[in-house]
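Side-chain atoms are counted along with the backbone in the values below, which use heavy atoms only and exclude waters and symmetry mates. So you know, we letter chains A, B, ... as the sequences are listed, proteins then strands, and number each from 1.
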Amino acid sequence: MEPERKPLSLLELCFRSAVDNLRYMNSVDNLEMGLLKRILPHCTLEQLTHIESCTEMDLTGVTDVLWKRFFQREFGEADMNVAIKRMKESGVRYKWKKLFEEKTEKQKQVEQRMSAGLRNKYEAANAGTQYAGINLVCMKLF
Amino acid sequence: MMGKGGEAAASAQHKEENEEEGDMVGVVKLISAEGFEFVIDKKAAMVSNTLRNMLTSPGGFAETREGEVRFPEISTAILEKICQYFYWSLHYASGKETAEFPIEPEITLELMMAANYLDT
């Protein structure tokens with residue numbers, strides 16, 4: 001007689017299905033935190049952002065540690081440690097999602113400033129070349 | 001050879017097995033939030049640990065006596081899927097079923113909440 005095979009529990013099958021379909025997931029309202037703890041760590045940055053924006057309840061209890069991981073991955077361990085140190089010194093604790101968003105915004109501003117600087121330099125250099133060109137034409141004419 | 005004590009123990013064990021088998025015989029009615037009734041074998045219902053506790057508890061849940069369990073928070077579509085899982089689970093364990101149990105993405109979260117409640 002064949003030994004009995006143990007089927008996967010329905011809960012386990014649901015976890016697998018949820019993880020496989022994270023890209024379609026919207027609101028997770030009403031879902032217990034214990035269940036979310038098993039699903040959300042599989043999210044990409046974009047998926048987690050989307051799910052949190054679609055969900056009314058506060059998911060910080062589950063997602064804070066995930067945002068900390070995204071912060072570390074995106075900005076490096078040194079920046080993460082700086083953020084931890086500053087929070088310790090000020091005695092204020094911020095959500096890692098907020099820190100991630102602010103750091104992203106700050107970086108975007110730096111990039112914009114840098115690209116504006118480069119553009120200005122290029123334009124100035126270009127204007128100089130044109131001016132020199134005009135001078136050359138004028139010299140030839142006279 | 002078994003002594004008298006052994007016979008008594010064997011008899012008690014046999015009685016217990018019969019009782020357990022007795023618990024598994026018959027049908028049970030599961031009623032969804034919308035009032036739709038699913039009549040399934042007790043054996044299938046007992047795939048769920050929550051239902052098993054309800055149906056076998058000696059304390060006497062009303063569900064045990066009446067053979068019906070109401071789920072005011074589980075919709076008909078989800079309860080139907082759960083019943084399908086119960087039978088799939090039995091067939092899979094006995095080797096009659098080899099295919100995976102299909103779960104549609106759009107019902108996954110609702111089904112997960114119900115599965116969590118039913119401990120199945």
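Counting non-hydrogen atoms of neighbouring residues, nucleotides and ligands closer than 6.0 angstrom, the CD atom of E12(A) exceeds 12 such neighbours.
Neither the backbone nor the side chain of E100(B) comes within contact range of chain A; no heavy atoms are under 4.5 Å apart. D20(A) does not touch chain B: none of its heavy atoms, backbone or side chain, sits under 4.5 Å away.
For the atom pair K6(A) NZ and S89(B) OG, the distance stands at 8.0 Å (nearest 0.5 Å). The CH2 atom of W88(B) lies 6.0 Å from the CG atom of L8(A); values are rounded to the nearest 0.5 Å.
Scanning all heavy atoms of the two residues, the minimum distance from S9(A) to Y85(B) falls at CA-OH, 3.2 Å.
Close approach to chain B, defined as a heavy atom under 4.5 Å from one of its heavy atoms, is seen in L35(A), I39(A) of residues 34-69 of chain A, taken by number. Within residues 108-120 of chain B, the residues having any heavy atom closer than 4.5 Å to a heavy atom of chain A are T108(B), L109(B), L111(B), M112(B), M113(B), A115(B), N116(B), T120(B), listed by residue number. Using a 4.5 Å cut-off between non-hydrogen atoms, no part of residues 77-100 of chain A approaches chain B.
Cluster membership for F36(B) and F86(B), using ILVMFWY side-chain heavy atoms within less than 4.5 angstrom, is shared. A single hydrophobic cluster is seen to contain both F71(B) and I82(B), as judged by linkage of ILVMFWY side chains at heavy-atom distances under 4.5 Å, directly or through other members. Linking ILVMFWY residues whenever their side-chain heavy atoms come closer than 4.5 Å, directly or via other members, leaves L13(A) and F15(A) in distinct clusters. Cluster membership check: L79(B) shares its hydrophobic cluster with L90(B), using side-chain heavy-atom separations under 4.5 Å among Ile, Leu, Val, Met, Phe, Trp and Tyr. The hydrophobic clustering, which links ILVMFWY residues whose side-chain heavy atoms are closer than 4.5 Å, places L30(B) and M54(B) together.
In this structure, the side chains of F101(B) and L10(A) come closer than 4.5 Å at one or more pairs of heavy atoms.
Other residues sharing the hydrophobic cluster of M114(A), ordered by chain and number and joined by side-chain separations under 4.5 Å: V110(A).
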